[in-house]
Amino acid sequence: MKYTAILNDKEREVEITRQGPHQFHVIVDGQPHEVDARHCSSGWFSILIDNTSHDIYFTLDKENVELNFRSQNFNIKVLDERKMRMRRIRSDLDISGTEIIKTSMPGKVVKVLVKEGETVKSGAGIIIIEAMKMENEIQCRNSGVVKTIHVAAGQTVESDAALIEIEPEQI
Amino acid sequence: MKYTAILNDKEREVEITRQGPHQFHVIVDGQPHEVDARHCSSGWFSILIDNTSHDIYFTLDKENVELNFRSQNFNIKVLDERKMRMRRIRSDLDISGTEIIKTSMPGKVVKVLVKEGETVKSGAGIIIIEAMKMENEIQCRNSGVVKTIHVAAGQTVESDAALIEIEPEQI
Amino acid sequence: MSKKKLKKILIPNRGEIAVRIQRTCRELNIPTVAVFSDPDRYALHVRYADEAFPLNGSLPQETYLNQEKIFAIAKKSGADAIHPGYGFLSENAGFVKNCRERGITFIGPPPEAIEAMGLKTKAREIMLKAGVPVVPGSEPIENTESAQAEADKTGYPVLLKASAGGGGKGMRLVEKPENLKPAFEACRREAQSAFGDPRVYLEKYLEKPRHVEFQVLADSHGHVIHLYERECSIQRRHQKIIEETPSPVLDENMRRKMGEVAVEAARVCGYVNAGTVEFLVDKDRNFYFLEMNTRLQVEHPITEMITGVDLVEQQIRIAEGEPLIHETIPRRGAALECRIYAEDPANNFLPSPGLIKALTNPGGPGVRNDSGVYSGYIIPMEYDPMISKLVTYGENREQAINRMLRALEEYYLLGIHTNISYLRKIISHPQFASGDYHTHFIANYQDQLSDSGSKHNDSIALAAAVILSFLRSEQQTAGRQQGQPEHTSAWKLCGRKRSMGL
Amino acid sequence: MSKKKLKKILIPNRGEIAVRIQRTCRELNIPTVAVFSDPDRYALHVRYADEAFPLNGSLPQETYLNQEKIFAIAKKSGADAIHPGYGFLSENAGFVKNCRERGITFIGPPPEAIEAMGLKTKAREIMLKAGVPVVPGSEPIENTESAQAEADKTGYPVLLKASAGGGGKGMRLVEKPENLKPAFEACRREAQSAFGDPRVYLEKYLEKPRHVEFQVLADSHGHVIHLYERECSIQRRHQKIIEETPSPVLDENMRRKMGEVAVEAARVCGYVNAGTVEFLVDKDRNFYFLEMNTRLQVEHPITEMITGVDLVEQQIRIAEGEPLIHETIPRRGAALECRIYAEDPANNFLPSPGLIKALTNPGGPGVRNDSGVYSGYIIPMEYDPMISKLVTYGENREQAINRMLRALEEYYLLGIHTNISYLRKIISHPQFASGDYHTHFIANYQDQLSDSGSKHNDSIALAAAVILSFLRSEQQTAGRQQGQPEHTSAWKLCGRKRSMGL
C-alpha cells in the first residue's frame, strides 16, 4: 500500500507491505527496510527496523501522527492515495495568508504592544502574556498589518485562542 | 445510601452521602468520616479521609473492588441492599465443601503426589508445579479424600485451572 | 537552644520540593502535613503527604503565602514545626517571627539572619564590613528616575533585581539606558507577584562572570561548616538551569578561600541551619559576594550526591537543637543537575502546562530524579513550570555528564513540551564539556542550541508513522465489518492481544 | 594484553542485568546488541538496545544458551565483544574459549579461571592448597547411593549444590537421611535446566552461618584489588533476597584479613576482570572460602553505591586491556539492596507472572532502581521472577534502612503479586535492625514475617471501596439514561472531566 507522509512540510513516498503478524516491508524514499513493530503498552510502540531498536511513543489523531523517540519529536501527516488527491484539490483553494497570533497556553494578557492598522516587521513583539509566573512576549512570524485585536490587557485567555490577526501587506 | 462491604469474610455496614462534586460523608462501622476523593489518573484514586491522605490504586470488577495502598492489598466485595438480599438467598443453597487445588500461575506439572481415593491431611503436599525455573509444591488447605485428579505429570496447565479436587471426609 | 524532637512537620509549599522534604520526613518517621491550593488538589505533594488540608483559593496570596490559613492548619493538625521549602514563605522574616510567637519550630534560620540577608542591600553592607568583596550596586530603588540615576552612576550594563528576591525571578539585564524604564516596571510587577514586595535594586553587571555558590550548615551551638561549591553559571534569563559540583573553575586553594569566606559570612549574620552563599567569579578568577540565600536551594541535591549527606535531614536535626556531627565532610566524585521545565524551546520557551500523557522516569546507576509530577497529571498554569530535577553522579565530571546524557535520553515526558532535548544540546556542547563557560553561555551559543537536531532519524519516524496508520486503517476496516463503532480504540485491543501469542 | 577500544557489545542476556549493562555502554557511547527469545520480544532489554536480533525459540537451550545463534548474530551485527551478564553463559568456559577463537572479546575472566572456579569442587581444592580455609564437602556426585554415602560421611544437615551452579538455583538443604533422595533428584533436574549440567555436590551445613562476599577487580597487568564486602545472609530457599554493605558483623581487622584472602584467591587462579569471593562466617566469626563467582553479581550495585565506582565500566576497561586506575578505593556510608520478585508471599511464594497494570518506581535521594520491566509489560512465565533490584544508600546503616522502607512504600507494582510488603517486614524486624542475623533468619522468623499486616487501614479501604462503587453506580445510571452501553468505562470520563473544574 502506498502512502504520502508529510514531515517538515516535505512530501515523502512510503510503501508498506505486510509480511507477518508484526512484520512489515517498508520502502521509504526508495530505501527498503524490514520492520518488526509491536505495541508494548498504551501509546508505546517498539520497532526493530533492520534490527535497530527504537522505542517510540505515539499519538494518532486522524491523519496526524505524533512520534517521540531519542528525545526528538516528529509531527507527521500520513495520507493514503485517496486522501492525497483530496488534499491536492483543497490546497488550490487555500490562498489566505493571514497570520493569527495565538498563545500555546492559557494566561493573562499583560499588555498589547500594537494597534489595529499598525504595520509590523517579522519578529516584532505583538503581545505580552503572563503565565506560570513569567511574562512572555509573543512575536509575529511575518511582516504585515495588524488587522484585528481580539483581546485587551487584563483579560484571561485560553490556549490556542486567536488573539491578534496580521494580514500580509499588499504588494 | 447503604452498602454492605465484605472484607476478609466479614460483613461491614457502610453508609455514604454525597456532599459535593468530590466530597462524601461516609459512616463505616458507625464511625463518621469526611472524605474528599479524586480520580488522578487511570486506576489511581487520591482520597483525603478526615484530612489524612491516601494514594490508592484500584480495579473494579462487578461488585469486587481491589485496592492497593501503603503496600497493602485489599479485596472487598461491595453490595447494595438489593444485591445483599440476593446473596443471602443464594448462600443458603451453597453447601458443597469440596476443595479445588489450583495453581495461581501457568506452569508444568512435575509430579502428582497423591492418588484418587487417598486420604490427605490438611497441609499435605498434593502436586509439584514447575514455573519460572522453580519447582513449587502446592498443599491442600483441608483434610479430606482425593476425589478427582484432572492432570498428569508433564502436562502444561493454565492459571486457576482445577487440578485436583478434595472432598471433606464424611463425619 | 534545648533539644526537642519534632513530631509533625507542615510544609507550606508544593511541587518537587514539597515531595523532597516529605521523603526525608518519612525516612525519619515524622508525619507531614501538606497544604494545597484549589488547582493543586491533584498535585503529587498532596498524594504523598500523611495529611493534607485545603487552602481554598488559587492565588499565592490567598494560599501558599497566606500565613493565617497556614497557622490555622498547623493548629488543627497539631504540627509543631514548619519546613518552608524554597520560594513562598521561605525567606519571610515576619513569618518566622510569627512561628516563634506560636511556639512552632521554623526549620530554617532565625528571623534576624533572614532580615539581614534577605534585603540583598543590607547583606552587602554587612559583608563589606566583614572585609568580604562585594559586587558594586545600589540601595533599593523606588522609582524610575532613581533607577536611571543609579544606573548612570554604576555604568551600563546593569542588573535589576528584586530586593526580596532570589531564584532569578524579578531579574532583568539592562544594556542600554532606553531599556531601563520598561525593565524596571516589569521587574517591580514580577517582584510583587512572586515575593509580595515590589522593591528592586541595581547591580553592576560583571563581564563573563561565573556564578559559584557555597553550601553552609550552621547549628545552634555556634558550629559552621561548608559542604563545597556548586557551579551555577548555565542560566537562561538569569534562571539557573544546569548546576554542577565541583566547579570546573576552582582549584583547591580557591575552594578553600571561598569556603572560609562562606563560613565567615554565615557567622557574621548569626546564621543557623542550611544556607547558601553566592559568589560571582570574574574572568580573572576574583570572587565577589553576591547574596546569601537563607533557605534550601533548588540545586541542593548535587551537594548531597558528592557528600552523601541528606541536607533536609541536617536541617531537621539542627532545628531540633542537635549539634552538627560532622567537623568537615569529605567529598567524592562529581554531580550534575538539570532542571526539567514544561516549556517549549522551539517557541521562545513559552510555558507548556497541560496533561502528561506518558512519563518514564530515568533510573539505573548514578541517577536521581526529584519529581513533582506523574503520568496523568495536568500541570497547572498557575505555578512555576519546573516539573523535576534530574541529577547524576559520576566518579568524575566526564562520567556525570555521560550519565546525564543517558538519563535525559531515558526520560520520556510526553503530552507537554519540555526542555529535555535542549538540555541535551547544552550538555553535549564542546564548550560545556571543556568546563570553560560563564553565565552568558546560553546567550552566546543560542543559535547552535536551537538547532532542530539531526535528521537521520527521519526515515525511522516515517516508517513508524506509516505502519501506525496502516494498522489503524486495517483495524477500522475490521471494526466496520464486525459492526463496531469506529471510535472504539482498536489500539487497546492490539495491546491486549499479544498475550495470545506472537 | 594489548589495548583495544571495544566498538560494539553483544549482551546474550535479558531482564534487568541486560538493561544495566546497556546503560553503562550508552554512557560510554558503545552501541549494544540485544538478543531475545520469542517471549522476550516485548522485554525492556530489547526496547532499550541499539540493535536487537531474534533467537527464535523460547527454551534457554535454543535461545540464551545457544552459542551458535549468538555467534551468528555477533557476526551479522559486527559486535566485537560480548558481555554475558550473570546466569546463562556467564560462567561457561567453553563459550569463552569459543569467543577467543572467533576474535571476540569476552568481558569477563579467562576460561582457565572460570574452569578452575566454576567447578566448585576444583575451586575448593585450589584454595586449600593456597592455605585458605574451606567448608568441608564432597566431589561431584553421580547417583543417589554416592550421595547417601557422602552425606553419612559429612554428617547431616548437608547442602546439595549444583557443581556448575550459583545464585541459589539447584540448591537444597537436607536435614534427614530420608529426605536425601528426592532432594538429590530435584537438584539434578534444576541444575540441568538452569545450567545445562546436572552435576551436584554436597557440603557440610554450618550452624548459624553468615554469607559474606568480597568484590574483586583484577586487570590484565597483574593488579588485583578488592572493593569491600557484601553481606548476603538474608536468604529464602538459599536465594539471596536482601544484601547490604558494610556487613554488620565485620570489624576493620576482619575486613582487612578477608579482603587479603579474596585478593589472594583471585591471584592464585590467574583471575582477570570482576569477580566475587564468597565466604561463610560461622557463629564464632571464623571464615571459610565457599566459592568464587566468576562474573558480575546480582548484588553488585551496593558496592557501586559505597565506592562510587561503576563496575560494568571497570569490566569494559579491563577487557580493553586498560590497567586499573585505583590502587585502593575508599568507601563511604552504607547501602542496601532488595530483590523485587513477582511472587506471592501469601501463597507459598508462587511465582506470579502476568500483566503489570500499574507501576510507580521509587525515586528521590539515595534511591536506585535497576528494573527490567515497565507498566503494561506482561511478565513471562519462562524466566526467573526477579523484576527489579531496589537499592538505597545512606550516610550510615540506619539511614540506608529507613530509605529502603520509604522506597518500598513508594513502589507500586500492581496487577501481579510481589514480595514488596514481605521485604518491608524483614527490614522492619528488630533482629534485622540489630544487624545480628544469619542465613536462617527467614526460616526462624517465618511466622512473624507472614503476618498479614496491620488492620488499621481497614476503614480507609472500606470507605474507598464504597465510594468507588457508589460513583460507578451513579455513572452507570447516567450512562443508561444517555443510552450509553454499560461497559463503556465511566472511569475514563471521570479522569478527563477534572480539567473542567473542581
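For clarity, every value in this text was computed on a predicted model and none was experimentally measured. So you know, we letter chains A, B, ... as the sequences are listed, proteins then strands, and number each from 1.
A salt bridge is defined here as a Lys NZ or Arg NE, NH1 or NH2 lying under 4.0 Å from an Asp or Glu carboxylate O, and C:D50 with B:R70 meets this definition.
Across B:N51 and C:P54, no two heavy atoms sit closer than the pair ND2-CD, 4.1 Å. Between C:A52 and B:L48, the closest heavy-atom pair is CB-CD2, 3.7 Å. Minimum heavy-atom separation, B:H39 to C:Y42: O-CE2, 3.6 Å.
Ranked by heavy-atom pairs shorter than 4.5 Å toward chain B, the options C:E51, C:K76, C:R47 are led by C:R47.
Neither the backbone nor the side chain of B:I56 comes within contact range of chain C; no heavy atom of the residue lies under 4.5 Å from a heavy atom of that chain. When heavy atoms are compared at a cutoff of 4.5 Å, C:S375 approaches chain B solely by way of its backbone atoms N, CA, C and O. Contacts of B:D36 with chain C are made by both backbone and side-chain atoms, with heavy-atom separations under 4.5 Å.
Rounded to the nearest 0.5 angstrom, B:S46 OG and C:Y374 OH are separated by 7.5 Å.
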Would you list the atom pairs, donor with acceptor, under 3.5 Å between side chains in residues 107-125 of chain B and any protein atom, with sequence neighbours excluded?
residue : atom : partner : partner atom : Å
B:E116  : OE2  : B:I149  : N            : 2.9
B:E118  : OE1  : B:K115  : N            : 2.7

Using the rule given for side-chain contact (heavy atoms from CB on, under 4.5 Å), can you reason through B:C40 versus C:Y377, listing the C-alpha separation, both sets of side-chain angles and the distance that settles it, and then say yes or no? CA-CA 7 Å; B:C40 288; C:Y377 180 60; over 6 Å; no
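With sequence neighbours left out, the ring-ring contact (aromatic ring centres under 6.0 Å, His included) criterion links B:H54 to B:F69.
The 12-atom threshold is not exceeded at CD of B:E158, counting heavy atoms of other residues, nucleotides or ligands nearer than 6.0 Å. Around NZ of B:K2, the count of heavy atoms belonging to other residues, nucleotides or ligands within 6.0 Å does not exceed 12.
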